[in-house]
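Heads up, the thing below is written out as structure tokens.
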Amino acid sequence: MTPDPITKLMLDILRMPPAASAHAADVDQLMVLVHWLMAILFTGWSIFFVYVLVRFRRGAHPVADPRGVRGRWSTFVEGGVLVAEVILLAFFSIPAWSSRVDAFPSAQQSTVVRVVAEQFAWNVHYPGADGAFGRTDVTFLSATNPLGLDRSDPAARDDVTTINRLNLPMGRPVIVYLSTKDMVHSFTLPQMRVKQDAVPGTVQPVWFTPTRTGEWEIACSQLCGLGHYRMRGFYSVQTREDFASWLAAETAALAPR
Amino acid sequence: MFLKHFFSTDHKVIGLLYAFTALFFLLVGFFLIVILRWQLAYPGQPVPVVGPLLGDANAPGGIILPEFYNQLGAMHGTIMVFLGVVPLAVGAFGNYLVPLQIGAPDMAFPRLNLGSYWFYLAGGVVMLSSFFVPGGAANNGWTSYPPLSDLSPTSGQTWWLVGMLCIILSSLLGSINIITTIVQLRAPGMTWFRMPFLVWAQFVTAFLLLLAFPALQAAAILQGMDRVAGTSFFLPSGLVVSGRPLDVSGGGNALLWQHLFWFLAHPEVYVLILPAMGIVAEIIANNTRKPLWGYRLMVYSLFVLGVLSFLVWAHHMFLTGMGTAISAFFQATTMIISIPSVVILTSLILSLWGGSIRFTTPMLFALAFLPMFGMGGLTGLPLGLATTDIPLHDTTYVVGHFHYVVAPGTIFALFAGIYYWFPRITGRMMNDTLGRMHFVGSLVSMNAIFMPMFVQGLAGVNRRLWDGGMEYAHAQGVLSLNVHMSIGAFALAFFQIFFIVNLFASLKQGRVASANPWDATTLEWSEDTASPRVYRDPYDYSPPGAPRDFVPQYVARVVSSGPAEG
Amino acid sequence: MDIPYTTDVRPDTGLTNPKLGMWLFLASEVMLFGSFFSSYALLRVGAASWPDQSAVLSVPLAALNTAVLLASSVTIALAWRAARQGDRAAYRGLMAATIALGIVFLGVKGSEYADKLSQGLAPSTDVFLGLYYTMTGLHALHIAAGLAVNAYLIGPGARMWQAQHARFANRVELAALYWHFVDVIWICIFAVFYLL
Ligand code: HEA
Ligand code: HEA
Ligand code: CUA
Ligand SMILES: [Cu+2]
């Protein structure tokens, strides 16, 4: 799917990070459209502005005409701006948003993972082969067990946990259950066009479908303390085989414990 | 006696007190950000010149610590908004001009007016002192989101809350005064639709202050309780901080603060812009020598803006987990609220048509306001659409957006106002050459600072990063812009010298001005202030058949020969 | 320069300056308490559990306080009428009664606080008690401020009685307006904290 030249031109101007998820195209398309609208309006106004300043400067036009502009075209411009905004809103933004927050895929078809933010790291929790997350509780918290996972819970036996490392298979929806242990953080995957605040006391579901393999970074977008700037994690989108073997290796590493 | 001015109840004196205090705070806020910009450009390198003065707790060896970086950012935002721009726009321009422009003898409640200034001063002193408490000033962003701010170890955050409460009381008294004055003390003949646009802007602004600030007042009290009395209004159960379960009862809601804060802070941004629009409108009418185009429509737009500004606050919170219906509502109100701004700005540009435009120094700043506000306003649109806000939220794109509206926008309008009304206040003109140098230098450097922020933001660089994004791979391509922006900020600082020199030198040495040096129509330029009477619309410029190209509001009849002034 | 319309009404707006100022102030206060009540609603709706409010707090004491405040609203309204009619003795008596009732209110409130605290029920106990102390505390501060104003109007402020009687009566009216407002807020608090 190659974008049309006009879209492409604006995309080149905007230079966003490479898009690597299924819905990124929707986000980028709206971004392009709204920036075209802005560019047209700004250019139009600017041309008029400069023209007026030159034509009606005191030297060229010593006596003002108090009547000013006649005609109703300013109303048309203003109405036009409103119509354009309503179109962007109703046909692009709201549908795209709705597919983000309402149309969650089923858990069976998806890679489900918990991400728990804390000052200043991303804790990642995979349910393992059984598909069930083990019990967590504050009493189990420790430096080596930042999630507080209760390893005696049967569901927890095969759970894989990592810090600042999120691996995902390509071409399959991902559901992230996002939460935080302390402050407000914001879970950001620039290439996925994903950003979601982690709000204390709540679990926020986020979903997306990676469409390209790659190795990128998780950023924190919400001021969360003095280490906010270095609250960086890594994520990689792998082929399904690579992901499966990575997960298998991680699970195997659990066995002796 | 210098100190006696601090006890005067004359609105002109209070206005000037406000003006100088606010300019001082603008300078402080600017100073903080220049240091911050050094750190962004050259992370981890000692700050030259002032580095050793910053204190070992903040910047050992002149190198800014992340904690101190966060103080600089939070206090820059707070000081600029609450102690700089609003007091200058409302406290100074409002106090000085509103009574004069409507022909009132003074503000309706002169003593409350003085009280308002004192509370403001107290708030400012508290905020500044907080830099010197152990742990330093508030460092949780000007937004002070809990739990971070609730749990912030520095008592500076508590001082911040106290300072905010003082400022809120100040603006409460001030806004009651402005509204009452406008409703009650208009001179005979000054009907509602003969009021200058600036007065309308101040009127709507005062309502915003009156009705929006209490939400932050409540929020500040709740946060104060959390910090001092151990409540947990903003702390949900089960928090674990630094590996240890937090010892509070829990049960609170972290988003409650955000709702209360933005319920204030969105109207607050219109408080930052409406008086600026008012100033620009006055200056444009005067320097085009023709009436404002669409004056009534502009006034109605102000009211639409005012009302709607209470219904858009959650567009700052799109990514806190919002369903389709609620996000659709806030996106829709956000799009709709952009229209009155478009109407006002379009009317202002159209006002230029047919004029005889004089490019005086105030006019230059006022004209530059239009495209600069346009840039800031237009970049609000992708932020206002929740879908495009996903990649842009909390990036430097947002920082660019609002600085275009507040810095080359509002600050330029305020500069314009200072150049324009300086002769009314002092009887002397400010120097034109210095003024033009100040203008050109500021315009270029402002754009040099804020334009690259859009580029960085689109590339995904976040705001409030101590190292300017150096860690992140996606930032590498645009990292060098940090240096360019900072050089822009240093240049901007340099060009302010022209302004400061001009301001103080002109007090004594400026060219002596006549009573009405700009040939303006509004009442504040009338020589005879005893008991003014108003006979006409505010901008009766170039009326057909008049002997000169303006007829002031206080002139009864146009006499076809001889000077029109009464 | 004298400010017009401090005492007499501006014909086209039908208001005096202080009256308008007071209404604006009260509008701001409505937003303040409105913010608190909204916070209460949000916190309660989102809470995992909420105590049985009327079991924690003392409904009879609060009912008593409601009666006291309502009575004080009546006395201050009558005090205003007396002031307008120039009946100085009645004014003094009624205003003193208002003040006395306000003090009773604060006394009852204080004993309620002391009682709760002695049972170990502090603001930090849970969100409900936190809200209770914060909002009733803020309300009590408003009562205290009103008492100060009323005391001024019976004491040093009453020197205006002779010289500027109309102005003085207006002041009493504004004090009464404020007092009624504080009363209304209390009724909302009573309903929300004790009855709901
Ligand atoms: C004065 C201040 C001001 C003004 C006027 C505005 C105006 C607008 N703002 Fe902005 N905003 C802020 C100050 C302001 N904002 C601040 C301080 C923040 C960040 C706070 C923080 O997080 O710290 C912010 C953040 C912010 C966000 C949150 C972003 C995020 O955090 O993700 C959003 C989202 O909707 C938004 C939208 C808008 C919109 C749609 C407008 C609209 O009202 C704009 C309408 C205007 C136009 C559409 C332009 C019309 C122009 C012309 C007609 C002139 C053209 C002329 C020539 C070219 C000559 N703003
Ligand atoms: C009204 C509001 C306002 C204004 C005017 C400004 C003005 C400026 N701001 Fe600021 N800014 C904010 C409000 C404002 N800012 C807010 C709310 C934030 C967010 C904070 C947060 O993250 O929480 C922010 C954050 C912010 C950042 C991001 C920090 C970060 O993310 O970590 C940056 C970075 O460059 C910045 C830069 C600047 C610059 C260079 C100016 C320049 O335009 C400054 C220009 C100033 C002047 C030109 C001063 C003129 C005055 C004089 C010359 C005085 C004369 C004095 C006498 C005569 C006595 N600002
Ligand atoms: Cu976590 Cu910023
Ligand atoms: Cu906003």
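Keep in mind that what you see is a predicted model, and the values were worked out from it rather than measured. A, B, ... follow the sequence lines: proteins, then strands. Residue 1 opens every chain.
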Interface moiety of [X] toward chain A, non-hydrogen atoms closer than 4.5 Å:
{"X": "B/W466", "answer": "both"}
{"X": "B/N253", "answer": "neither"}
{"X": "B/P147", "answer": "both"}
{"X": "B/A332", "answer": "both"}
{"X": "B/L370", "answer": "side chain"}

Could you grab the distance from atom [atom1] of [X] to atom [atom2] of [Y], nearest 0.5 Å is fine?
{"X": "A/Q204", "Y": "B/L319", "atom1": "CD", "atom2": "CG", "result": "10.0 Å"}
{"X": "A/L89", "Y": "B/L381", "atom1": "CG", "atom2": "CG", "result": "11.0 Å"}
{"X": "B/Y69", "Y": "A/Y229", "atom1": "OH", "atom2": "OH", "result": "11.5 Å"}
{"X": "A/M183", "Y": "B/L239", "atom1": "CE", "atom2": "CG", "result": "8.0 Å"}

Identify which part of A/V194 has an atom lying under 4.5 Å from any heavy atom of chain B, answering side chain, backbone, both or neither.
-> backbone
Which portion of A/Q196 sits near chain B, non-hydrogen atoms under 4.5 angstrom | both
Considering all heavy atoms, the nearest A/V52-B/I357 contact | O-CD1, 4.0 Å
Counting only heavy atoms not in A/L9, do more than 12 sit closer than 6.0 Å to its CG atom?
-> yes
Cation over ring face, A/R55 and B/W353, 6.0 Å, 45° | yes
